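None of the values given here were measured: they were computed from a predicted structure.
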Amino acid sequence: MKTLSAQADTRNVSATPEPQKKRKKGFWRTVVRQRYLYMMSVPFVIWLFVFNYLPIWGWTMAFQNYKPSKSFFDQKWVGLQNFVDLFQDERFYLVLRNTLAMSAMGLVAGFIIPIAFAIFLNELRGKYFKRTVQTVSYLPHFVSWVVVAGIITKMLSRDGGIVNEILLALHIIDEPIQFMAQGKWFWGIVTVSDVWKETGWNAIIYLAAIAGIDGEQYEAARVDGAGRFRQMWNITLPGIRTTISVLLIMSIGHLIGIGFEKQFQLSNSLVTDYSEVLDLYALKYGINIGRFSYGTAISMFTSVVSIILLLAANGIMKKTTKESIM
């Protein structure tokens, strides 16, 4: 009996590495068979490394008192002093408030409106009318923010601006309002402008997801007596839930890194306390004033917080909805 059990154990031990060897051989066979695809991907991998990973080396400036005239090894290392200065600067918290406020408003409006627009656009029955509306809606995406800022400024102008003209004609106001000179209006102006510019473009991915829903589900719902709104709520929305979850996670990851184009183009000296965001703050100190290390510390803070928000959003969504991007 001992001999039989020993032989069985020996067979089990010797048989264990075989699946691993088969997997390794299968992997290399796949590599050889698809070698041309791998070779085609090499330039993109190099591009990704050079422009996305290699610049991370520049984060070392955040721990130096960087001077462009000195080599890397001659720089003075200051440790976390730039981060200490950053968190002690009162202006930083004002800029952080502006960034989070505009990000939150943009996340809510810029996320819900494209979903609703895509769902209602999908319900249009006229094929040519539907295509016309879709084309007109995403055309603003290709317009530069310089042009958009000029249009918005002209529309909100005191002298002949269409918004003031309509409000005066409806007797809502007695005299024109200078919208672009009041900070309390700036966040709303940026949000509305961004929604107008990007709604049609952002709706494309939701329309593609809706097109993948099985049409038999709608037919079965109509047979059961479900109306169009009930079909949208019970079929369309659940059908694009995965797309919504993934895009929501990615949007939360960019909550603090919103860029600066909109704010830079629409801003002026009268609304600086409401228009300056973290990227403009870094640009101001890093380029205009010449505090390169301080500007790098700001950008590093933005990137680290964005990664934390992305991982947190992904973890929460994975636990609650079983949807995630990693």
* Asked: What are the two closest heavy atoms between Gly200 and Tyr138, and how far apart are they?
  -> C-CB, 3.6 Å

* Asked: Roughly how far apart are Gln34 CD and Met40 CE, rounded to 0.5 Å?
  -> 12.0 Å

* Taking Thr191 for its side chain and Met105 for its backbone only, find out whether a donor-acceptor pair lies under 3.5 Å. => no

* Pairing residues for Asp273 by the side-chain hydrogen bond (donor to acceptor under 3.5 Å, both in side chains) criterion, not counting sequence neighbours -> Arg91

Can you give me every donor-acceptor pair (side chain of residues 154-171, partner residue at least two apart or in another chain, under 3.5 Å) with its distance?
unit_1	atom_1	unit_2	atom_2	d
Ser157	OG	Asp159	N	3.2
Arg158	NH1	Pro176	O	2.8
Asn164	OD1	Ile177	N	2.9
Asn164	ND2	Ser157	O	2.9
Asn164	ND2	Ile177	O	3.0

* Under 3.5 Å donor-acceptor, Thr60 side chain and Trp57 backbone -> yes

* So do Arg29 and Val32 actually touch side chain to side chain, heavy atoms under 4.5 Å? -> no

* How about Gln75: does its CD atom have over 12 heavy atoms from other parts shown lying under 6.0 Å from it? -> yes

* How many angstroms lie between CG in Asp224 and CG in Asn234, if you round to the nearest 0.5 Å? -> 11.0 Å

* **For Ala104 against Leu255, the heavy-atom pair lying closest together** => N-CD1, 4.2 Å

Pair up each side-chain donor or acceptor in residues 208-220 with any protein partner under 3.5 Å, not counting sequence neighbours, and list the distances.
unit_1	atom_1	unit_2	atom_2	d
Asp214	OD1	Glu216	N	3.2
Tyr218	OH	Thr236	OG1	2.7

* Asked: Just checking, any donor-acceptor pair under 3.5 angstrom between side chains of Asp89 and Tyr281?
  -> yes

* Starting from Val108, walk the hydrophobic network (Ile, Leu, Val, Met, Phe, Trp, Tyr; side-chain heavy atoms closer than 4.5 Å) and list everyone else you reach, by chain and number. => Ile112

* Over all heavy atoms of both residues, which pair between Tyr206 and Ile244 is shortest? Give the atoms and the distance, please. => CE2-CG1, 4.0 Å

* Asked: Is it true that Leu247 and Met317 fall in one hydrophobic cluster, defined by side-chain heavy atoms closer than 4.5 Å?
  -> yes

* Evaluate whether atom CH2 of Trp196 has more than 12 neighbouring non-hydrogen atoms of other residues, nucleotides or ligands under 6.0 angstrom away. => yes

* Where Leu266 and Ser193 come nearest, the two heavy atoms and their spacing -> CD1-OG, 4.3 Å

* Structure fact -> Rounding to 0.5 Å, atoms CG (Asn98) and CD (Gln263) come to a distance of 9.0 Å

Under 3.5 Å, sequence neighbours excluded: what are the donor-acceptor pairs made by side chains of residues 297-316?
unit_1	atom_1	unit_2	atom_2	d
Ser299	OG	Gly295	O	3.3
Thr302	OG1	Ile298	O	3.0
Ser303	OG	Ser299	O	3.1
Ser306	OG	Thr302	O	2.8
Asn314	OD1	Ile325	N	2.8

* To do: Any chance you could measure Leu280, atom CG, to Leu278, atom CG, to the nearest 0.5 Å?
  => 9.5 Å

* Only counting residues at least two apart or in another chain, list the ones meeting ring pair (Phe, Tyr, Trp, His ring centres under 6.0 Å) with Phe83. => Phe63

* Asked: Does anything in residues 253-277 pair up under ring-ring contact (aromatic ring centres under 6.0 Å, His included), and if so which pairs, sequence neighbours excluded?
  -> Trp187-Tyr274

* Structure fact -> Residues at least two apart in sequence or cross-chain that pass side-chain hydrogen bond (donor to acceptor under 3.5 Å, both in side chains) with Ser69, listed by chain then number, are none

* Report yes or no: do Val277 and Tyr285 belong to one cluster of Ile/Leu/Val/Met/Phe/Trp/Tyr joined by side chain heavy-atom distances under 4.5 Å? => no

* Do you reckon Leu121 sits in the same ILVMFWY cluster as Ile113, going by side-chain contacts under 4.5 Å, direct or chained? -> no

* Asked: Got a sec, which residues hit side-chain hydrogen bond (donor to acceptor under 3.5 Å, both in side chains) with His141, two or more places apart in sequence or on another chain?
  -> Glu198

* Check against side chain to side chain contact (heavy atoms under 4.5 Å, CB included), Met232 and Asn122 -> CA-CA 10 Å; Met232 286 188 286; Asn122 182 67; over 6 Å; no

* Using a cut-off of 6.0 Å, state whether more than 12 heavy atoms not belonging to Lys318 lie near its atom NZ. => no

* Structure fact -> Applied to residues 229-247, the salt bridge (charged side-chain N to carboxylate O under 4.0 Å, His left out) test, sequence neighbours excluded, yields Arg241-Glu323

* To do: Give a yes or no on whether Phe142 atom CZ has more than 12 heavy-atom contacts from other residues, nucleotides or ligands under 6.0 Å away.
  => yes

* Please check if atom CH2 in Trp59 has more than 12 non-hydrogen atoms from other residues, nucleotides or ligands closer than 6.0 Å. => yes

* Do any N or O atoms from the side chain of Tyr93 and from the backbone of Phe87 form a donor-acceptor pair under 3.5 angstrom? -> yes

* Main-chain N/O of Ser293 paired to Gln64 side chain as donor or acceptor, under 3.5 Å -> no

* Classify the angle between the aromatic ring planes of Phe120 and Phe229 as parallel (below 30°), tilted (30 to 60°) or perpendicular (above 60°). => perpendicular

* With sequence neighbours left out, write down each residue that passes ring pair (Phe, Tyr, Trp, His ring centres under 6.0 Å) with Phe186, or none if nothing qualifies. => none

* Asked: With a 4.5 Å limit on heavy-atom distance, are the side chains of Asp194 and Trp145 in contact?
  -> yes

* **Pairs involving residues 173-188, ordered by first then second residue, that meet salt bridge (charged side-chain N to carboxylate O under 4.0 Å, His left out) (sequence neighbours left out)** => none

* Asked: Same cluster or not: are Val195 and Val190 linked, directly or through other Ile, Leu, Val, Met, Phe, Trp or Tyr residues, by side-chain heavy atoms under 4.5 angstrom apart?
  -> no

* Do Leu54 and Ile56 share a hydrophobic cluster, counting only Ile, Leu, Val, Met, Phe, Trp and Tyr and linking them when any side-chain heavy atoms are less than 4.5 Å apart? -> yes

* Could you tell me whether a side-chain N or O of Lys197 sits under 3.5 Å from a main-chain N or O of Val143, the two making a donor and an acceptor? => yes

* Asked: What are the two closest heavy atoms between Arg228 and Leu124, and how far apart are they?
  -> NH2-N, 4.4 Å

* Asked: What distance separates Lys284 NZ from Arg291 CZ, expressed to the nearest 0.5 Å?
  -> 11.0 Å

* Write down the atom of Thr296, the atom of Ala62, and the distance for their closest heavy-atom approach. => CG2-N, 3.8 Å

* If we only count heavy atoms from C-beta on, is the Ile115 to Phe111 side-chain gap below 4.5 Å? -> yes

* Asked: Does Lys76 offer a backbone N or O that forms a donor-acceptor pair with the side chain of Asn65 under 3.5 Å?
  -> no

* Structure fact -> Here the gap from Phe179 atom CZ to Thr153 atom OG1, rounded to the nearest 0.5 Å, amounts to 12.5 Å

* To do: Look at atom CG of Leu96 and say whether more than 12 heavy atoms of other residues, nucleotides or ligands are closer to it than 6.0 Å.
  => yes

* Asked: Is Val148 close to Gln265 at the side-chain level, that is, under 4.5 Å between some pair of heavy atoms?
  -> no

